[in-house]
Amino acid sequence: MRAQDLLLVTLREPPAEAEIPSHQWLVRGGFIRRVASGVYAYMPLMWRVLRKVEAIIREEMDATGALELRLPTLQPAELWRRSGRWDTYTVGEGIMFNLTDRQGRELGLGPTHEEVITSLAADLIRSYRQLPVSLYQLQTKFRDEIRPRFGLMRSREFIMKDAYSFHGHGEDLRRYYGSMDQAYRRIFARCGLKVLAVQADSGAIGGGASQEFMAIADAGEDLVLSSGDGRYAANQERAQSLAPPSVPLRVAMDTRFATPGQASIEAVCAAHNLDPTQTVKVLLHRACFAKGPDQPVLTVLRGDQELNTVKLTNTLGPLLVERGTILALERLDVDTLQAHGLQLPVGFLGPDLPDDAIQGAPGLVGGFLRIMDATAADLAGFVCGANVPDQHRRVPGWSMLGLSFTKADVRAAQPGDRCCHDPGTVLTATRGIEVGHIFQLGRKYSSALEACFSNESGSMEPMWMGCYGIGVSRLAQAVVEQNHDRNGMIWPVSIAPFELVIIIANGEEQEQCRLAEQLYGELRAAGVDVLLDDRVERAGVKFKDGDLLGIPWRVVVGRNAARGQIELKTRSARDVLEMDASRLLRHLLPRLQRQRRGSLPEVEV
RNA sequence: CGGGGCGUAGCGCAGUUUGGUAGCGCGCUUGCUUUGGGAGCAAGAUGUCGCAGGUUCAAAUCCUGUCGCCCCGACCA
């Protein structure tokens, strides 16, 4: 490709819309252009990168025995109602773009494809003899993100690889899940991405075991907690740890004491010489369900602990199965309570807050569902609010309150906490970008959509399913986030838009042009993905653009062209190798061959 | 959805407080010079000041409404 023909438009200044380096560089380099909030055009350079990423994914997916296909983006609501996700995805999370056609039929733009693939599998798969089957596609997905951010990192239209596998028994699902785990590690390594595999929450997809692949980056939106020994890593949404021990508090008898204006744990502790671990905190939420009334929830944690709302949500679902999926969990703080016309002594609430405290609030029916975290349950004596303004209470033990709680792990693990598998090690925090997620779905969707097969003994049973996603466009940007310097991007050879750029230092020098054209032809003939910068620009501009675009190899044909001398340089290193042009291919090709495989360990033949 | 901010040339921005001929830098066009790290000089082109109403002799500027975008929070595969 010649730079003249590339419609290369680079920007000297970062656009105002871009916050993080990868977003700035991609826009400055002319790789992407914003069309609407969270909607981007992939320009020719970006498209070359994406196609290389896709090629790597195809190779590795095919190697697991998966079959590529293409499913529709436009999907009928009826299918989503059968799995019970239409409401979750449209009304609840509101993440699915949906529309009504001219005949009044409701449709959604696919944010994911479990429903479609499962109904197809139900049609096509009849017998255990046809299993296992794994299907995948590379396709545009649509999600109406509340707040699109960071270019391709969180966009409303993006490219995703999604795969779905069907199995005759759980053991085969786990086997294939393991091989997808390995395939994913190979894909990311080949793309030059440093990832951390972590235990994850399954979220709205649901199901059993799941693992996320996090590209390590400060700009990442997820917090990963991992142990120094490499044996444990989890998304904070899901992470478990040992809370610090509490400071014992001996309470002889149930007493109230005045805490004027001390509406926070810190204030109470400071004024009465208490440790936060000697207190309990009470949080109120409203849980909204697909069916039935909203549920008031009262959660009790030890005073020094924070609530993990994902864990709380996951706890509530099974407790109230009859109300269907949880659509929202809303914190009832001072402002919200006032908006509902409730006057509660916020800051002075106790675990025994009576049910009638919230009577009269619109939409809320019945008493509290009371959830208690183990950190609170383990306390013998503790201090809590007395449900009266400016008063707290010393309680000798939980039996005093005569209440029944559902016990659950709802605390947020924190960096510095001791690990469950080895209290001698502690968790450290890393930020990550979720580039892949694999799930063992089990039979959730196959049961809902009646995707059954006849097993060896002739009886019908739902198939076991797994699903496996990679954010393709996000991955490409994550590579830039991990690989850039102050001059621009630094692409790994395996997914670079071009492997090598030839810069003609002075386009008016006949010798330079002639030698550059000759090398361009030779490199192309040798199968090298080469860009010839033949633009009528000064050398400085071409050098700057070459750095900005991050093309991994650079050949400069300049003042020594008449003597047949060129310069060879890599984007990442400073040193320049001056050599005779005739030696270029012999020097370059073996190195390129190695780099095209990405950072995979060498395989001996 | 709550809070904050911004919409002026392709990009980055000033001008708005205090109403009075539409500006700057980069980019673009032409010419000459220059030619190894985003060149110099000269001449030029480019705007429905987001949109719609209103106030006024006069609106980028004041008022009302509306649309879009960004940031923080909430939320989030």
Side-chain angles (χ1 to χ4, degrees), chain A residues 8-20 23-24 27-28 30 33-39 85 88-89 92-96 110-114 141-151 153-156 158 160-162 200-207 210 212-214 221-222 235 237 285 288 309-310 313 326-331 333 335-336 339 433-439 467-471 474 486-488 503-509 512 533 535-548 554 556-561 566-567 569 574 576 578:
Chain A
L8 182 61
V9 180
T10 57
L11 304 180
R12 197 180 285 223
E13 291 170 282
E17 74 195 36
E19 283 261 302
I20 62 173
H23 186 193
Q24 295 181 346
V27 176
R28 279 191 60 185
R33 283 277 165 153
R34 197 184 66 83
V35 172
S37 176
V39 179
R85 290 209 299 178
T88 320
Y89 270 63
E93 300 187 15
I95 210 161
M96 181 156 65
T112 176
H113 282 78
E114 281 82 6
K141 294 271 193 280
F142 296 86
R143 293 187 191 175
D144 187 4
E145 291 290 345
I146 301 172
R147 184 142 93 87
R149 255 187 279 209
F150 305 145
M153 289 297 188
R154 181 168 295 279
S155 53
R156 299 196 294 168
F158 57 97
M160 187 169 174
K161 186 284 303 182
D162 50 327
D201 180 69
S202 301
I205 302 260
S210 94
E212 285 170 334
F213 294 86
M214 295 289 190
E221 293 187 80
D222 290 282
N235 193 314
E237 292 178 343
H285 288 84
C288 307
T309 53
V310 173
T313 305
I326 295 194
L327 300 180
L329 184 68
E330 177 196 12
R331 172 83 189 273
D333 55 14
D335 295 340
T336 323
I433 300 160
E434 184 190 346
V435 288
H437 200 156
I438 59 178
F439 304 79
C467 81
Y468 318 89
I470 291 179
R474 177 186 281 187
R486 61 176 212 286
N487 296 313
I503 291 180
I504 305 174
N506 185 340
E508 291 181 1
E509 293 286 336
Q512 294 185 17
D533 196 343
R535 293 175 300 167
V536 255
E537 288 285 355
R538 296 162 58 87
V541 174
K542 298 185 192 182
F543 289 142
K544 286 285 184 192
D545 275 344
D547 287 349
L548 171 59
R554 178 167 91 193
V556 180
V557 183
R559 46 172 101 86
N560 294 328
I566 57 162
E567 290 161 31
K569 180 184 175 302
R574 283 181 181 279
V576 177
E578 189 148 339

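Reckoned from all heavy atoms, side chains included, excluding hydrogens, waters and symmetry mates. Sequence lines set the chain letters: A, B, ... in the order given, protein chains first and strands last, and positions in each chain run from 1.
When each of B:U35, B:G38, B:G73 is scored by its nearest atom to the side-chain atoms of A:Arg538, the top-ranked nucleotide is B:U35. Listed candidates were B:A39, B:G27, B:A74. Nearest to the side chain of A:Val541 is B:A39. When distances are taken from the side chain of A:Ala36 to each of B:C26, B:C69, B:G12, the shortest belongs to B:C69. Of the candidates B:C72, B:C26, B:G12, B:G12 carries the atom nearest the A:Glu13 side chain, counting heavy atoms from C-beta on. The side chain of A:Ala539 has B:G36 as its nearest neighbour among B:G36, B:G12, B:C76. Comparing B:G37, B:C69, B:C72 by their closest approach to the side chain of A:Lys544 singles out B:G37. When each of B:C75, B:G38, B:G36 is scored by its nearest atom to the side-chain atoms of A:Arg149, the top-ranked nucleotide is B:C75. Distance from the side chain of A:Pro15 is smallest to B:G12 among B:U35, B:G12, B:C75.
No engagement by A:Arg33 is indicated, since no non-hydrogen atom pair under 4.0 Å with the nucleic acid exists. When heavy atoms are screened at a 4.0 angstrom cut-off, A:Glu19 is found touching the sugar-phosphate backbone but no base atom. At a threshold of 4.0 angstrom between heavy atoms, the contacts of A:Phe158 include nucleobase atoms, whether or not backbone atoms are also involved. At the heavy-atom level, A:Ala16 lies under 4.0 Å from the strands shown only through sugar-phosphate atoms. Base engagement by A:Glu567 is indicated by at least one non-hydrogen atom pair under 4.0 Å involving a base atom. When heavy atoms are screened at a 4.0 angstrom cut-off, A:Arg156 is found touching no nucleic acid atom at all. Counting any heavy atom pair closer than 4.0 Å across all strands shown, A:Arg331 reaches no nucleic acid atom. Among the heavy atoms of the strands lying under 4.0 Å from A:Val556 is at least one base atom, whether or not backbone atoms are also near.
With respect to A:Asn560, the side chain to side chain donor-acceptor pair (under 3.5 Å) criterion is satisfied by exactly one of A:Glu567, A:Gln512, A:Glu578: A:Glu578. For the salt bridge (charged side-chain N to carboxylate O under 4.0 Å, His left out) with A:Asp547, the qualifying choice from A:Arg554, A:Lys542, A:Arg574 is A:Arg554, the only one to do so.
Taking side-chain N and O atoms only, A:Arg559 has no distance below 4.0 Å to OP1 or OP2 of B:G36. Proximity of A:Ser37 to the phosphate of B:G68: no side-chain N or O atom is located under 4.0 Å from OP1 or OP2. A sub-4.0 Å separation between OP1 or OP2 of B:C71 and a side-chain N or O of A:Arg147 is present.
Taking 3.5 Å as the limit, the base of B:G38 and the side chain of A:Arg28 contain a donor-acceptor pair of atoms between them.
Between the P atom of B:A74 and the CD1 atom of A:Ile95 lies a distance of 17 Å, rounded to the nearest Å. Rounding to whole angstrom units, CZ of residue A:Arg554 and P of B:G36 are separated by 14 Å. Rounded to whole Å, the distance from CG on A:Asp545 to P on B:G27 is 12 Å. Atom CZ of A:Arg486 and atom C1' of B:G38 are 14 Å apart (whole Å). Summarising the geometry, the separation between CD1 on A:Ile503 and C1' on B:U35 is reported as 15 Å, rounded to the nearest angstrom. Per the geometry, CD belonging to A:Glu17 stands 16 Å off P belonging to B:G7, to the nearest Å.
Where A:Asn506 and A:Val310 meet RNA chain B, the nucleotide closest to each residue was compared, and A:Asn506 sits on the side nearer the 5' end.
As the counterpart of B:C32, B:G40 is assigned, both hydrogen-bonding distances of the Watson-Crick or G-U wobble pattern falling under 3.5 Å. In this structure, B:U17 makes no Watson-Crick or G-U wobble pair, since no nucleotide meets both defining distances under 3.5 angstrom. Under the Watson-Crick or G-U wobble criterion, with both distances below 3.5 Å, B:C62 is paired with B:G54.
In terms of heavy atoms, A:Ala200 sits closest to A:His437 at CB-NE2, 3.6 Å.
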